[in-house]
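Below, all heavy atoms of this structure are taken into account, side chains as well, without hydrogens, waters or symmetry copies. Quick note on labels: first sequence line is chain A, next is B, and so on, each numbered from 1.
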Amino acid sequence: MPITRDAVLDWLKAFAAAIASERDHLTELDSAIGDADHGANMDRGFQAVLGMLPAVAEQDVGAVLKAVGMKLVSTVGGASGPLYGTLFLQMGAATAGKLTLSPAEWAAGLGAGVEGVARRGRARRGEKTMIDSLVPATEALSAALEGGASLEDALWQAERAARRGMLDTTPMVATKGRASYLGERSAGHQDPGATSAHLLVRAAAEAWAPEREPHHP
Amino acid sequence: MPITRDAVLDWLKAFAAAIASERDHLTELDSAIGDADHGANMDRGFQAVLGMLPAVAEQDVGAVLKAVGMKLVSTVGGASGPLYGTLFLQMGAATAGKLTLSPAEWAAGLGAGVEGVARRGRARRGEKTMIDSLVPATEALSAALEGGASLEDALWQAERAARRGMLDTTPMVATKGRASYLGERSAGHQDPGATSAHLLVRAAAEAWAPEREPHHP
Amino acid sequence: MKKLINKPEDVVAEGLRGMALAHADILKVQFGPDYLVRADAPVKGKVGIVSGGGSGHEPMHGGFVGMGMLDAACPGAVFTSPTPDQVLAASRAVSGGAGVLLIVKNYTGDVLNFEMAADMARAEGIEVEAVVTNDDVAVKDSLYTAGRRGVGVTVLAEKMAGAAAEERRPLEEVAEVCRKVNAQGRSMGMALTSCTVPHAGKPTFDLPEDEMEIGIGIHGEPGRTRMKLKTAAEITELLATAVLEDLPFQRGDRALALVNGMGGTPLIELYLVFQELARICKGRGVAIARSLVGPYITSLDMAGCSLTLVRMDDELLRLWDAPVRTSALRWGV
Amino acid sequence: MKKLINKPEDVVAEGLRGMALAHADILKVQFGPDYLVRADAPVKGKVGIVSGGGSGHEPMHGGFVGMGMLDAACPGAVFTSPTPDQVLAASRAVSGGAGVLLIVKNYTGDVLNFEMAADMARAEGIEVEAVVTNDDVAVKDSLYTAGRRGVGVTVLAEKMAGAAAEERRPLEEVAEVCRKVNAQGRSMGMALTSCTVPHAGKPTFDLPEDEMEIGIGIHGEPGRTRMKLKTAAEITELLATAVLEDLPFQRGDRALALVNGMGGTPLIELYLVFQELARICKGRGVAIARSLVGPYITSLDMAGCSLTLVRMDDELLRLWDAPVRTSALRWGV
Ligand SMILES: Nc1ncnc2c1ncn2[C@@H]1O[C@H](COP(=O)(O)OP(=O)(O)O)[C@@H](O)[C@H]1O
Ligand SMILES: Nc1ncnc2c1ncn2[C@@H]1O[C@H](COP(=O)(O)OP(=O)(O)O)[C@@H](O)[C@H]1O
Ligand SMILES: [Mg+2]
Ligand SMILES: [Mg+2]
Ligand SMILES: [Mg+2]
Ligand SMILES: [Mg+2]
C-alpha cells in the first residue's frame, strides 16, 4: 500500500506525542552524560512543528517534511536541532513533489535523511549518538523490503533494529558531542539522542501498523 | 609624688598589655553593634607603639606621647585611630618639654586629650562612645585632686568613674559611629570604645597605685 | 571560605601589585604608606583629586585613578578606612600647585582619617578642600545617626569632579562640582547574599535562602528591612521609589543612572534590572540621559545591586561625557 | 536560587532589552530572530564579523559588539547555542559587500548551527568564512572527543579580527588573523563554586566547601580533576603550567594575558591572580606584553577564574592596540 501525505502527518504527530511523553526521560538521560536539555529541546521543537502542520497540511510530502526540518532548525538549537532538522530537510528533498510514497520511496527518503545526519554530524556507528539507532533501522527497513516483506513487517523490523542500536549505546564510550568530554565516564549510560531516534522509528510502525506490533517475550 | 617619664612608659605598656588581653572581648563587643574590628584595630596600634617606644624612651614626656599619637594615627585606621591618636597628640602638646609631671599636670594633660577626642569626634556624653567613659574619668580625677586626694586615690576614683561610664553605655541608643546605623537596635550592648577607654584609665591606676586597688564588694 | 587568595593579611597588597602590573600605562602603586597614583602625577596647575577608603569595593577607588578622574586613591585594609599618612602622602604626590580635593565617603572612620590628613597637608602649605558624599537613602540623615553613608554617588562625583579638574578649573569650583553631584544624587542597595571578609573567614551575616536585605550598606551593614525574595521588577520598584522620592526627582528631570553590581551578581542580571529601572523612570517622566551598568562599587563577593540616580544639568552632562582613561572607566580617549 | 530576575524564560530577552537601552549609541537589538548588531551596520566595504553562543557568558558576546570588534552577536538561550536563523539574519544585517566572518566556539551545537547558517547565507550569495576557536587545554583534542572547547581565546580573537576588519582587509585575511590568534592561544579555567542555571533553579554540580574543580568548562562541564582548595599562588601555577606547556610558550615569547573572572569572583582576587601569573611567566622568560583582567567570558554566577595566554607578534600587538568601542572593551576612541 502507498504511504499517503496524511499518513506522513500521522507519523509526525505520533512522534511529537512520543517525545512529549518521554520528555523527562530524555532529559534525565542527557543529564547523566550531557547538559540535561535533550527532552526540552526536542519537545520545544515538535510542539512548534505541531503548531505549524495545519499550514502545510495541503502540500506534498516533500514540502511537509522540508517545513518540519526548517521549524526544527529554527526552534531546537543545540546539537539535535541541526541534526534532526537535517534529517527532515533531506527526507523532504528526496520526496519533493510527491503526494504519496511507495514503501521503497519511504525507505529511500529515510535513508537520505540519515545520511544527511551522518554527514552533518560527521558521526559513524559506535560513537554513542543517534546514528547508532538510525543507521541499523534504515538498513533493516531496506533489507526487509528488498527481501519482499510487507511494509508493516519491515517497519517493525526497523523498530527492533533501532531499539537494539539504542541499547547498544549504553556500554559505548562517547567520541562525539558533549558526552565525549566525559571520556570513559560516558560508558554505562544510554545515549539520549539514540533514544529519541528510536521513538522516531517506532512512531512510524505504531502509526501505520499498530495491529502488527510483535509481542516481545 | 611627681610622675616620671618612666612612669608614663609603664602606663603605656600596661595599657598595651590590657588591650592585648582584652582584644577578643573588644572585637566581640564591636561585632554586636559595629564591624567586629575594634580589638584588632587597637591591638595592631599598640603593638606598633610597643615596638616604637625604645626609640623615644630617652625623650621628654610630651615627645613620647606625641610619638604614641602619631603611631596610632598611622597604624589603627577606622574611627578609633584618629580618636585615640588625637588623645595622645593633645596630651603630648599639653606636656611638651616636661621630664616629669605633677598630678595636676597629668590631669590637665589627660583633660586636654579628652577634649581633643570630643572635638575630633564631635561627640558629647550620652552618644554611646568612648567619650562616655573618658569624660567622667577626667572629671573625677580633677575633682579628687582639687579636693586634696592623693594621686593614688584620685587614679582609682577616675577608674571607678570610667567603669561606671562604660557600663552606662549599655542602655544607650548610639547616635555616633557605625552603631548609630542600628538605631534602637544598638541599645542593650556595651560600647567597645568606651570599654577600651576604661582600660586606658585603669592602666594608669594599676601601673602607679597597684596597692591601692579598692576591693569592690 | 572560597577565595582566590593566599594569606588574608596579604590580599590588599597583592591585589595592588596586580593593579600596578596590569596598568603601568595608567598608574603607579606606592607602598608604605600605600596609595595608587596617576603615572604622570603631579599634573602642574591641575587640582589633584584624592579619594580612598577600605579595600573590598574594587574597582573603587584604584580603578578610577587616571586621566579625567582621580589623581590618587588610598586603599585601607578590607572594609577599614585608610590612615591619614596614606592620604597625606597621596596629597603630596598629586599636588600640582592648584590645591588638592579629598573625596570622602561618609563613614566616621573615613571622615576622621581624611580630616586629620587634611589638617596635616594644610600644615605643610598644601591647599586642601574635602567633600563628603552621603547619598544612601537607606539611612535616615538626622541628629540620631552618623548621617547617610556615601555609596554609588561617590563614583559619579569622582568622574565629574575629575573632568572639571582636567578643565583646569580652580579648587573651589572642582569641589563645588563634587558637592553638586552629591546634592543631586541618591542611592539605595540590596543584598541577596552576605559578603565574606577574608580575615573573618565566614559570611558577615546570615540570610536565609528565601530572603533578601533591602537598604544594605557596602560593608554588610544592616539595611532597612529584611524580606522574602521578590522579582527583579518588584525589587527595582522598591529601590527606585525610595531613590526617586527622596530627592525628589520631578517630571522632566534628566538623570544619570547607575545600576551597580555588588560583586557576586552577573552582568545579565544588572542589565535586566536596568530595563526595569528605565521603565519606572519613564513612568514618572524622568529621562535617563546617561547610564552606567556594572560592578563599580562592590562589597567583595556579595550578590545584589544598588541603584543611583543623579539629576543632571548641561554642565554635569558635559563633565560626564568628557574623556576619562582609568582601568575601570574609559571613554573619549 | 537567588537571582535578580523575573521569570527564568524571560532572562535573555530582558537582559537584551537592558543592553539596548544602556548602549543605544553602540548597538541595536533585534528580536525574532534575536541578535545584537552595531548601530551603524552594515559597514560598506568592511568584512562583517558575527559571533554568538549560549547566553549566561556576559559580557561575551553582546558586550563586544561595536566599532573595532563584532558587527553582530547571536545570543541563544542560557547555555544553548543560537539557531541558524539567528546567525543568518545577523549575517544579512552586517553584510557590507566584503563578506562575513563567523567566529564559533567549538561545541557540537554551536558548530552545527553556525555551519547550517553558513550554508544558508552562502545560498543567498553572501561570502562566508567560519573560524572555530578551540583553546581549552583541559580537554584532550583527539579522535576521542568533540575536540577542545572554545573559551577565553574567543574574546581576544574577536578583538584582533575586528581590528583587521576595520583596516578593510579582505575576508580571507581577517579569517587568517582569527585562526592565528586561536592557533597561538591556550586557556584553562577553574571553579570554586558551581553556577546555577535559571531554569534549573539549583547548582549544576555540588562542590564541597573545601574543594575546587580544575579544568572546568564555561557551562559547568566537568573539569580534569577535583581537588582540595589551594592558595591563589598554587592554583595559578597549576593553570599557568598547563597553558604554558601546551603551546608551548618559549623563553623570549611575548604574550597577551587574560585573567578572566567566571562571574562570581571579585576583581581584587583577579588582580591577585594576575600578579601570580606575571611572576610565573617572568620565571619562564615569557614577557606579558599586554593584559586584560576582569570578567569577560563568564559562567553566570560561578566563582572561579580562567587564564588565557596568546603568543603575540608585531601584527597582533598592533591589532590588539587598535581602537575598540564596545560596551565591555573600549580604548583608543
Ligand atoms: N556529532 C554528532 N553526530 C550525531 N549525533 C550527535 C552528535 N553530537 C551529538 N549528537 C546527538 O545529540 C544528542 C544531544 O542532543 P541535545 O542534548 O539536544 O544537544 P546538546 O548536546 O547541544 O545539548 C546526543 O545524545 C547525541 O545522540
Ligand atoms: N564620633 C565619635 N566620637 C567618639 N568616639 C567614637 C565616634 N565614633 C565612634 N567612636 C568610638 O569608636 C569605637 C569604634 O572603633 P573601631 O571599631 O576601632 O572603628 P570603626 O567603627 O571605624 O570600625 C566605637 O565603639 C566608639 O566608642
Ligand atoms: Mg543536551
Ligand atoms: Mg544543550
Ligand atoms: Mg569597628
Ligand atoms: Mg572598622
Side-chain angles (χ1 to χ4, degrees), chain C residues 1-7 10-12 14-22 55-56 58-59 63 78 192-193 207 209 212 229 231-233 235-236 259 263-276 278 288 291-293 295 298 300-301 303-305 325 327-328 330-333, chain D residues 1-7 10-12 14-22 55-56 58-59 63 78 192-193 207 209 212 229 231-233 235-236 259 263-276 278 288 291-293 295 298 300-301 303-305 325 327-328 330-333:
Chain C
M1 172 177 58
K2 289 190 147 184
K3 291 185 185 294
L4 293 168
I5 64 173
N6 296 308
K7 293 203 238 68
D10 297 335
V11 169
V12 173
E14 291 175 345
L16 287 174
R17 211 166 297 130
M19 284 281 291
L21 289 164
S55 293
E58 292 65 27
V78 172
L192 290 169
T193 66
L207 199 49
E209 186 52 36
M212 60 181 175
L229 283 178
T231 65
I235 291 168
T236 310
V259 172
T265 286
L267 200 53
I268 191 171
E269 295 178 32
L270 300 179
Y271 278 111
L272 195 154
V273 167
F274 179 70
Q275 52 101 44
E276 299 292 350
I288 296 183
S291 64
L292 193 61
V293 179
T298 62
L300 292 170
D301 55 346
C305 73
R325 184 162 177 270
S327 63
R330 192 159 178 159
W331 58 73
V333 281
Chain D
M1 171 175 62
K2 289 189 148 185
K3 291 186 185 295
L4 293 169
I5 64 173
N6 297 308
K7 293 205 238 63
D10 297 337
V11 169
V12 173
E14 290 175 346
L16 287 174
R17 212 166 295 130
M19 284 282 290
L21 289 164
S55 293
E58 292 67 27
V78 171
L192 290 169
T193 66
L207 199 50
E209 184 53 35
M212 60 181 174
L229 283 178
T231 64
I235 292 167
T236 310
V259 172
T265 286
L267 200 53
I268 191 170
E269 295 179 32
L270 299 179
Y271 279 111
L272 195 154
V273 167
F274 179 70
Q275 52 100 43
E276 299 293 348
I288 296 183
S291 64
L292 193 61
V293 178
T298 63
L300 292 170
D301 55 345
C305 72
R325 183 162 178 273
S327 64
R330 194 160 177 157
W331 59 71
V333 280

Under 4.5 Å from a heavy atom of chain D, the part of [X] involved:
X: C:V333; result: backbone
X: C:A22; result: both
X: C:L229; result: side chain
X: C:V11; result: both
X: C:T236; result: neither
X: C:L21; result: both
X: C:T231; result: both
X: C:F274; result: side chain
X: C:L207; result: both

**Complete:** d(C:K2 NZ, D:T265 OG1) to nearest 0.5 Å is 11.0 Å

**Under the side-chain hydrogen bond (donor to acceptor under 3.5 Å, both in side chains) test, residues paired with D:R325 that sit two or more places apart** =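 Per chain and number, D:R325 pairs via side-chain hydrogen bond (donor to acceptor under 3.5 Å, both in side chains) with D:D25.
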
**Prompt:** Is there a side-chain contact between D:L4 and C:C305 (heavy atoms, below 4.5 Å)?
**Reply:** yes

**Residue D:I235 versus chain C: region with a heavy atom under 4.5 Å** = side chain

